[in-house]
Number of protein chains: 4
Amino acid sequence: MQTKKEDIEQRIIEVATDEFMKKGYENTSMRVIAYKANTSLGNIYHYFKNKDLLLQAIILPTLENIEYMMDQHINNSKDNMLTKDEAMAYADHLDELFEQSELRCFLDKKVVIILNLESSSLLERKEKLLKKLQEHIQLHFHMQENGHYSKLIIDVLADCLRHVLIEYEDIEQAKIEFINVFKLFCTGIIGQMKC
Amino acid sequence: MQTKKEDIEQRIIEVATDEFMKKGYENTSMRVIAYKANTSLGNIYHYFKNKDLLLQAIILPTLENIEYMMDQHINNSKDNMLTKDEAMAYADHLDELFEQSELRCFLDKKVVIILNLESSSLLERKEKLLKKLQEHIQLHFHMQENGHYSKLIIDVLADCLRHVLIEYEDIEQAKIEFINVFKLFCTGIIGQMKC
Amino acid sequence: MQTKKEDIEQRIIEVATDEFMKKGYENTSMRVIAYKANTSLGNIYHYFKNKDLLLQAIILPTLENIEYMMDQHINNSKDNMLTKDEAMAYADHLDELFEQSELRCFLDKKVVIILNLESSSLLERKEKLLKKLQEHIQLHFHMQENGHYSKLIIDVLADCLRHVLIEYEDIEQAKIEFINVFKLFCTGIIGQMKC
Amino acid sequence: MQTKKEDIEQRIIEVATDEFMKKGYENTSMRVIAYKANTSLGNIYHYFKNKDLLLQAIILPTLENIEYMMDQHINNSKDNMLTKDEAMAYADHLDELFEQSELRCFLDKKVVIILNLESSSLLERKEKLLKKLQEHIQLHFHMQENGHYSKLIIDVLADCLRHVLIEYEDIEQAKIEFINVFKLFCTGIIGQMKC
DNA sequence: GATGAATGAGGCTTCATTCAT
DNA sequence: AATGAATGAAGCCTCATTCAT
């Protein structure tokens with residue numbers, strides 16, 4: 001039973017994405033991926049040289065995209081810091097603003113995978129991204145701190161994402177829920193803002 | 001080469017506690033514990049019949065303590081729901097109140113282990129505890145929701161704890177940091193309160 | 001270095017069957033099976049998910065066959081109890097009758113394995129079979145006892161089988177020997193019959 | 001808590017004897033013996049250098065006794081072969097004759113241990129004994145065979161013994177049962193005798 | 001005498017990976 | 001392109017045994 005190349009490669013990627021998101025990269029076995037993708041273990045290695053490269057095939061585009069967006073966003077907003085009131089307004093209208101906001105690109109299974117990564121060759125790159133994200137959050141919200149709030153906010157983000165993405169198959173519902181939760185924490189952060 | 005019993009058993013427990021907290025119970029191998037505790041794999045089994053019982057030796061007292069405190073706290077606060085203003089005041093003075101607050105007993109490596117537990121015979125017990133915590137949070141903050149926020153809040157709690165406990169060897173510093181972060185999220189939650 | 005699938009799987013089964021018969025399922029190590037089957041330990045798990053399933057692959061067909069034959073035999077012989085003389089005659093002509101007799105299906109390495117089983121998921125099923133066999137023997141030979149003789153007769157059966165199967169590679173010789181031994185004990189049993 | 005030397009050594013021997021009989025030498029762990037004998041693992045090694053020597057302490061006297069009795073018995077009965085009628089009579093009166101018969105010394109937990117031995121340094125000695133026993137049975141019952149009946153008879157003996165010794169704590173009851181079973185098979189054997 | 005700490009080998013099993021076909 | 005055979009390392013655990021105290 002032979003399928004078009006695209007077909008099976010895609011299937012492997014989809015299955016792997018799902019498993020990586022739900023169980024984490026480290027706790028997912030190639031065997032299970034093969035089984036759920038309806039192919040043989042050996043065949044996965046035909047498409048992907050090893051587990052790490054399978055991971056890369058899945059998350060690298062997303063990772064690069066985020067890296068790029070982050071850079072853009074940071075440049076754009078350098079002299080565009082929000083005041084407390086602006087931030088509040090932003091949070092209040094997040095529903096409508098979401099699609100145009102950079103936040104949108106986080107609502108993605110692959111982001112969850114990245115944020116939960118504990119090993120793999122991409123770990124370093126993830127850390128770098130996190131640091132950038134963190135710095136940006138600090139800037140954005142006028143935080144004067146040693147990095148803990150911002151770090152945590154990112155973890156919370158990851159948690160939120162995993163929760164809503166696992167809970168709701170339907171991406172629209174996931175979005176609504178995500179926004180709700182995000183708003184909640186936004187309010188907290190904003191509450192701490194000095195101006 | 002023989003050491004005082006307390007010595008090595010304690011070392012195993014310390015190493016295991018640390019590893020369990022940092023990597024999670026499931027992703028920690030007995031080999032690594034043995035290696036870091038400077039003993040042989042077989043010798044661990046001299047002190048602890050199996051991995052699960054090693055875990056229990058570490059977290060059971062803490063678990064029981066929390067269970068007890070939760071029950072106490074819930075009974076005491078049954079007809080003592082906070083208004084928005086009271087909650088705000090509570091958050092503001094958390095620094096002074098912390099030591100007497102039930103929150104204090106959460107600042108513990110073992111709590112992190114518990115909250116991240118994914119298997120083991122204690123899983124069920126953890127789930128029960130979480131449900132109780134969740135219900136209490138809902139009650140405490142007048143939440144009318146399907147459980148997502150409250151579930152998330154707990155995950156955030158776990159994250160906070162792990163972060164500050166890993167970052168600061170010194171428990172006092174960890175405390176200060178934990179309170180700060182907790183306050184931040186409190187503000188968010190309180191911001192959502194209706195009354 | 002790869003062999004035809006049948007080849008190595010068959011070799012594993014043959015080696016395991018032999019070892020299980022000679023040493024018992026419990027006292028046979030997977031390592032030894034791998035070694036004697038000229039393959040690696042891991043590779044056995046390629047063919048058989050675990051030790052218990054390797055056992056099942058070996059004995060299940062035989063077990064089911066015996067279960068079926070027992071049921072048939074019991075139904076057929078319900079109102080057909082042997083008199084002493086008939087039994088004697090039966091024993092005397094066992095050589096000729098053997099091939100058509102239900103006894104034939106016992107002359108099998110796998111039966112030895114079954115009869116000596118002490119653990120495994122099939123233990124219960126073995127016990128059930130034994131009870132049936134026992135009851136049947138009691139009925140067949142008009143025994144009025146507490147179960148000890150009949151239990152023992154079965155153990156003896158197992159012993160006989162193991163002996164002749166180990167001693168004689170050639171199944172025909174084993175058969176002759178088995179019949180001889182069986183006759184010997186049969187006559188003994190009959191000598192005690194009341195009618 | 002220190003006891004008289006005799007005391008604890010005796011306790012170890014008793015426990016070990018029981019376990020060895022019930023589960024076999026190979027499947028009994030020193031740990032279990034220590035636990036059931038209410039002492040420490042290390043202490044067993046104080047009394048017995050290793051597992052094999054513990055076994056020897058238990059069965060060697062019995063083994064030597066049997067070896068001696070066998071030699072005596074064989075010499076005595078060289079020109080004293082039984083006729084069929086005599087053998088029958090012997091079987092019939094086994095109850096009364098048992099105590100004076102050499103058979104008596106077989107009704108012993110240690111004999112069961114010996115007969116089921118599969119490894120240990122005494123294995124060879126056991127085999128030698130078995131061969132002697134076998135030859136004697138052949139002589140005694142005028143068998144002209146290649147050794148299979150006689151070998152089997154011995155296995156049956158072992159089975160009988162284990163059964164009755166495990167089933168009945170009370171040695172008297174065990175004896176009665178053993179005689180019964182033995183008679184049963186005896187009669188069978190005699191039924192085959194030519195003269 | 002007695003204890004328990006310590007070790008190393010071996011038990012079953014899973015996993016990522018390679019390779020011949 | 002695809003399969004499945006094969007391996008070796010690592011996972012948890014038990015066991016006989018040794019040795020310092």
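If you're wondering where the values come from, they're calculated on a predicted model, not measured in any experiment. In what follows, chains are A, B, ... by sequence order, proteins preceding strands, each numbered from 1.
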*Asks:* Just how far, in rounded Å, is C1' of F/dC19 from OH of D/Y45?
*Replies:*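 My rounded result for the distance is 13 Å.
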*Asks:* Roughly, in whole Å, what's the span from CG in D/D7 to C1' in E/dG1?
*Replies:*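 Atom CG in D/D7 sits about 13 Å away from atom C1' in E/dG1.
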*Asks:* Any side-chain to backbone donor/acceptor pair from C/N43 onto C/H46? Under 3.5 Å, distance only.
*Replies:*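 Here the side-chain-to-backbone pair does not exist.
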*Asks:* Tell me whether B/Y25 contacts the main-chain N or O of B/D52 through its side chain, where contact means a donor paired with an acceptor under 3.5 Å.
*Replies:*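 Between the backbone of B/D52 and the side chain of B/Y25 there is a qualifying donor-acceptor contact (under 3.5 Å).
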*Asks:* Quick check on DNA chain E: between A/G42 and C/Y25, whose nearest nucleotide comes earlier from the 5' end?
*Replies:*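 Between the two, 5'-proximity favours C/Y25.
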*Asks:* In whole Å, what is the span from the NE2 atom of B/H46 to the C1' atom of F/dA20?
*Replies:*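 Nearest whole value for this atom pair: 13 Å.
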*Asks:* Just how far, in rounded Å, is P of E/dA5 from CD1 of B/I8?
*Replies:*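 Value for this atom pair: 10 Å.
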*Asks:* May I ask you to test the C/E26-D/N27 pair for a side-chain heavy-atom distance under 4.5 Å?
*Replies:*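 Answer no - side chains too far apart.
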*Asks:* Take the protein atom NZ of B/K23 and the nucleotide atom C1' of F/dG11, then report the distance between them rounded to whole Å.
*Replies:*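 Roughly 14 Å, once rounded to whole Å.
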*Asks:* Counting Watson-Crick and G-U wobble pairs with both distances under 3.5 Å, what is the dot-bracket string for DNA chain E, 5' to 3', using [ ] for crossing pairs and | for pairs to another strand?
*Replies:* .||||||||||||||||||||
*Asks:* What is the distance from CG of A/L41 to C1' of F/dG4, rounded to the nearest Å?
*Replies:*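 So the CG-C1' distance, A/L41 to F/dG4, works out to 9 Å.
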*Asks:* Report the residues that fulfil salt bridge (Lys or Arg N to Asp or Glu O under 4.0 Å) with B/K109, sequence neighbours left out, ordered by chain and then residue number.
*Replies:*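 In terms of salt bridge (Lys or Arg N to Asp or Glu O under 4.0 Å), with neighbours along the sequence ignored, B/K109 is linked to B/D18.
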*Asks:* Could you tell me whether B/N43 contacts a base, only the sugar-phosphate backbone, or nothing, with contacts defined as non-hydrogen atoms closer than 4.0 Å?
*Replies:*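 Base contact.
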*Asks:* Do B/S121 and B/Q56 have side-chain heavy atoms sitting under 4.5 Å apart?
*Replies:*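 Side chain of B/S121 against side chain of B/Q56, heavy atoms only: contact under 4.5 Å found.
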*Asks:* Take atom CZ of C/R31 and atom P of E/dG11, then tell me their distance rounded to the nearest Å.
*Replies:*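 Taking atom P of E/dG11 as the reference, CZ of C/R31 is at 5 Å.
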*Asks:* Is A/K51 reaching over with its side chain to a backbone N or O of A/T28, donor-acceptor style, under 3.5 angstrom?
*Replies:*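 Pair found, side chain donor or acceptor close to backbone of A/T28.
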*Asks:* I need the CD1-P distance between C/I44 and F/dA6, as an integer number of Å.
*Replies:*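 So the two atoms are 11 Å apart, to the nearest Å.
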*Asks:* Among the candidates E/dT7, E/dG11, F/dC12, find the nucleotide nearest to the side-chain atoms of B/T39.
*Replies:*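 That would be E/dT7.
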*Asks:* Has D/K126 got more than 12 heavy atoms of other residues, nucleotides or ligands less than 6.0 Å from its NZ?
*Replies:*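 Yes, NZ of D/K126 has more than 12 neighbouring heavy atoms, counting only those of other groups under 6.0 Å.
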*Asks:* Considering every strand and a 4.0 Å limit on heavy-atom distances, what is the contact class for C/S40: base, sugar-phosphate, or nothing?
*Replies:*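 Base contact.
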*Asks:* With a 4.0 Å cutoff (strictly under), does any side-chain N or O of A/S29 reach OP1 or OP2 of E/dT14?
*Replies:*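 Result: no.
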